[in-house]
Amino acid sequence: MSTDHTRILVTADAVGGVWQYTLDLAAALQPIGVEAVVALLGPVPRDAQRADAAGLTLIETDLPLDWLSDGPETVLAAGEAIARLAAEQRVDLVHLNMPSLAARARFDVPVVAVAHGCVGTWWQAAKGTQPDAGYAWQDALVRAGLLAADAVVAPSASYAANVARHHALPDTPLVVHNGRAPLAAAPTQSADHIFTAGRLWDAVKNTSLLDRVAARLPVPFRAAGSIEGPHGERVNTAHLRLLGSLDSTGIAHELAHRPIFVSAAGFEPFGLAVLEAAAAGCPLVLSGIDTFRELWTGAALFVESEDENGYLAAIARVRSDPALRAHLSEAALLRAQRYTPGAMAEQMAAIYTRLMAIPRQAAA
């Protein structure tokens, strides 16, 4: 894509995968003429995160994240603050990675809202119900923000359909798959252990099941990520070898040994940890949820997310069959080449360009 210089404001947080998504997107947009000003909400970044963001314009706003807030007013006020910041920065477009920011705020430029995940769709997956009264306000603000945006994007077709269904949207969100550059070059010999990474405390990650699997394996099962969540959530483990939260360098070190990567997630809008593992050539054993089948069919073994014996059998197959392991490794590497920061940036930039070409009164 060729375009005149465009300046956009992108919201981010340093808590989850949105941080890495934003850094990769901003870096990939720059060569195609799009400058991203990153507005950080929520807790301050760690030193390693600041180092990763070197070269980007990063504005720490001290504004709250919706899922760490006690009520709607602080989130609504944060949206209005972001609208003022966009005007001060004289940007051409606003890219919200927290759609609730658009629930009440009025922007002078087009707004793209990206649905990376929300309390409503998570709650449905984790508990099979609508959010309870304490979280219903978050669900309502997300829906209002999605409806107010000029375009809504989701990182997979399966999650786009989920978002449209849950929030009763008039149109299904556009699909732009996430992208991630490879973290490490894999060695010539794979290690005989198992690996997983992510928010281990999150109920939909099925960490307790993975811990039971680890208890029955003859090789170590290593797990990167926190076992404690921001609202006091905690998962107890006895058999996983916990590595704690690792930065990109630490994850790269783990993946460089090409362990068998396992995810038993029952809900996943995309799954950056899976992509990082695939790009390192790790054979994948994944839950059979719609998102993973959409992205990784032909490049992974699938197991029903609650099937403990199924995970054990799939892991045993890969460990005992070098040809299968090599095939899965190569297939994962090839498939990961579809999901690059460059491809993601080109598709997002095309959306930006289309919206900026529409007269503002027509796009509202």
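Just the heavy atoms: all of them, side chains too, but no hydrogens, waters or symmetry mates, feed the values below. Since we're looking at a predicted model, the values are computed, not measured.
- Atoms CD1 and CG, from Ile251 and Leu246 in turn, are 4.5 Å apart once rounded to the nearest 0.5 Å.
- Think of Val175 as one node in a network of Ile, Leu, Val, Met, Phe, Trp and Tyr side chains linked at under 4.5 Å; it has no links at all.
- Here the CG-CG distance, from Leu9 to Leu96, works out to 8.0 Å after rounding to the nearest 0.5 Å.
- For the atom pair His257 NE2 and Asp192 CG, the distance stands at 13.0 Å (nearest 0.5 Å).
- Taking a 6.0 Å sphere around CG of Asp321, one finds it holds more than 12 heavy atoms contributed by other residues, nucleotides or ligands.
- Checked by atom type and distance alone, the side chain of Asp290 never pairs as donor or acceptor with a backbone atom of Ser158 at under 3.5 Å.
- Heavy-atom neighbours of Arg7 CZ from other residues, nucleotides or ligands within 6.0 Å: above the threshold of 12.
- Here the OG1-CG distance, from Thr11 to Asn97, works out to 5.0 Å after rounding to the nearest 0.5 Å.
- Glu254 contributes no side-chain N or O that, together with a main-chain N or O of Gly250, makes up a donor-acceptor pair within less than 3.5 Å.
- The two residues Pro43 and Ala14 come nearest to each other via the heavy atoms O-CB, 4.1 Å.
- Of the possible donor and acceptor atoms, one in the side chain of Thr121 sits under 3.5 Å from a partner among the backbone N and O of Cys118.
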| Residue pair Asp92, Thr6: steps toward the side-chain hydrogen bond (donor to acceptor under 3.5 Å, both in side chains) verdict | CA-CA 6 Å; Asp92 302 298; Thr6 299; 4.8 Å; no
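- Checking side-chain atoms of Arg234 against main-chain N and O of Gly229 turns up no donor-acceptor pair under 3.5 Å.
- By the rule that hydrophobic residues join a cluster once side-chain heavy atoms approach within less than 4.5 Å of another member, Tyr311 and Leu284 end up as members of separate clusters.
- Under the 3.5 Å distance criterion, the side-chain polar atoms of Ser305 are left unmatched by any main-chain donor or acceptor of Ala265.
- A pairwise comparison of heavy atoms in Ala53 and Leu58 identifies CB-CD2, 4.4 Å as the closest pair.
- Few gaps surround CZ on Arg50; more than 12 heavy atoms of other groups in view lie less than 6.0 Å from it.
- Between Val37 and Ile8, the closest side-chain pair of non-hydrogen atoms is not below 4.5 Å.
- The OG1 atom of Thr207 lies 11.0 Å from the CZ atom of Arg212; values are rounded to the nearest 0.5 Å.
- At a threshold of 4.5 Å between non-hydrogen side-chain atoms, the residues Val204 and Asp202 count as touching.
- In terms of modelled atom types and a separation under 3.5 Å, the side chain of Ser156 and the main chain of Phe270 share no donor-acceptor contact.
- Contact check for Leu41 versus Leu101: side-chain heavy atoms found under the 4.5 Å cut-off.
- Residues Ala349 and Leu29 come closest through the heavy atom pair CB-CD2, 4.2 Å.
- Annotation: the span from Arg354 atom CZ to Asp150 atom CG amounts to 9.0 Å, rounded to 0.5 Å.
- Put simply, the side chain of Ser329 never gets that close to the backbone of Arg325: no donor and acceptor are under 3.5 Å apart.
- Using a 4.5 Å heavy-atom threshold, the side chains of Leu93 and Val112 count as touching.
- Side-chain contact of Arg216 with Asn309: a donor-acceptor pair under 3.5 Å is present, judged by distance alone.
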| Test log, rule side-chain contact (heavy atoms from CB on, under 4.5 Å), inputs Gln49 and Val44 | CA-CA 9 Å; Gln49 290 176 308; Val44 299; over 6 Å; no
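- Using a 4.5 Å heavy-atom threshold, the side chains of Thr237 and Leu242 count as touching.
- Defined by atom type and a distance below 3.5 Å, a donor-acceptor pair is present between the side-chain atoms of His166 and Asp139.
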| task | Determine, stepwise, if the pair Val91 / Val94 fulfils side-chain contact (heavy atoms from CB on, under 4.5 Å). | result | CA-CA 7 Å; Val91 297; Val94 173; 4.2 Å; yes
| field | Test side-chain contact (heavy atoms from CB on, under 4.5 Å) applied to Asp13 and Met98, step by step | value | CA-CA 9 Å; Asp13 67 77; Met98 192 170 94; over 6 Å; no
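- Leu23 and Val176 fall into different hydrophobic clusters, where Ile, Leu, Val, Met, Phe, Trp and Tyr residues are linked whenever their side-chain heavy atoms come under 4.5 Å apart, directly or through other members.
- For Tyr339 and Trp296, the ring centers are positioned less than 6.0 Å apart.
- When every heavy atom of Asp307 is checked against every heavy atom of Gly310, the shortest pair comes out as OD1-N, 2.9 Å.
- Both Phe195 and Phe292 belong to a common hydrophobic cluster when Ile, Leu, Val, Met, Phe, Trp and Tyr are linked at side-chain heavy-atom distances under 4.5 angstrom.
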| request: Evaluate ring-ring contact (aromatic ring centres under 6.0 Å, His included) for Phe221 paired with His239, printing each intermediate quantity in order. | output: CA-CA 8 Å; Phe221 195 149; His239 306 287; over 10 Å; no
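- Using a 4.0 Å cut-off between charged side-chain N and carboxylate O, Arg106 and Glu80 make no salt bridge.
- Closest approach of Trp201 to Val235, counting heavy atoms only: CA-CG1, 3.9 Å.
- Of the N and O atoms on the side chains of Thr129 and Trp123, at least one donor lies less than 3.5 Å from an acceptor on the other residue.
- Under a 4.0 Å N-O distance rule, the pair Arg335/Glu330 does not qualify as a salt bridge.
- Looking only at atom types and distance, the side chain of Tyr352 has a donor-acceptor partner in the side chain of His95 under 3.5 Å away.
- No single ILVMFWY cluster, assembled from side-chain heavy atoms under 4.5 Å apart, contains both Val10 and Phe107.
- Residue-environment remark: CG (Asp132) exceeds the threshold of 12 foreign heavy atoms within 6.0 Å.
- The cationic group of Arg293 lies under 6.0 Å from the six-membered ring centre of Phe302 and within 45° of the ring axis, placing it in a cation-pi geometry.
- Side-chain contact between Leu141 and Gln138 is absent, with no heavy-atom pair separated by less than 4.5 Å.
- The closest donor-acceptor contact from the side chain of Ser69 to the backbone of Gly71 lies at 3.5 Å or more, if one exists at all.
- When side chains are defined from C-beta on, Pro259 counts as touching Cys282, because their heavy atoms get closer than 4.5 Å.
- Between Leu272 and Gly17 the shortest heavy-atom distance is CD1-O, 3.8 Å.
- Side chain to side chain, Thr291 and Glu268 fail the donor-acceptor criterion of an N or O pair below 3.5 Å.
- Using a 4.0 Å cut-off between charged nitrogen and carboxylate oxygen, Glu73 and Arg104 count as a salt-bridge pair.
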| request: Could you please spell out the steps behind the side-chain contact (heavy atoms from CB on, under 4.5 Å) verdict for Asp66 and Val142? | output: CA-CA 9 Å; Asp66 52 7; Val142 170; 4.2 Å; yes
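- A 4.5 Å side-chain heavy-atom check between Pro155 and Tyr159 finds at least one atom pair inside the cut-off.
- Atom CG of Asp247 has more than 12 heavy atoms from other residues, nucleotides or ligands within 6.0 Å.
- Connection of Val111 to Val153 is not established within any shared hydrophobic cluster, with ILVMFWY side chains joined at heavy-atom distances below 4.5 Å, either directly or through further cluster members.
- At least one donor-acceptor pair closer than 3.5 Å links the side chain of Asn206 to the backbone N or O of Ala264.
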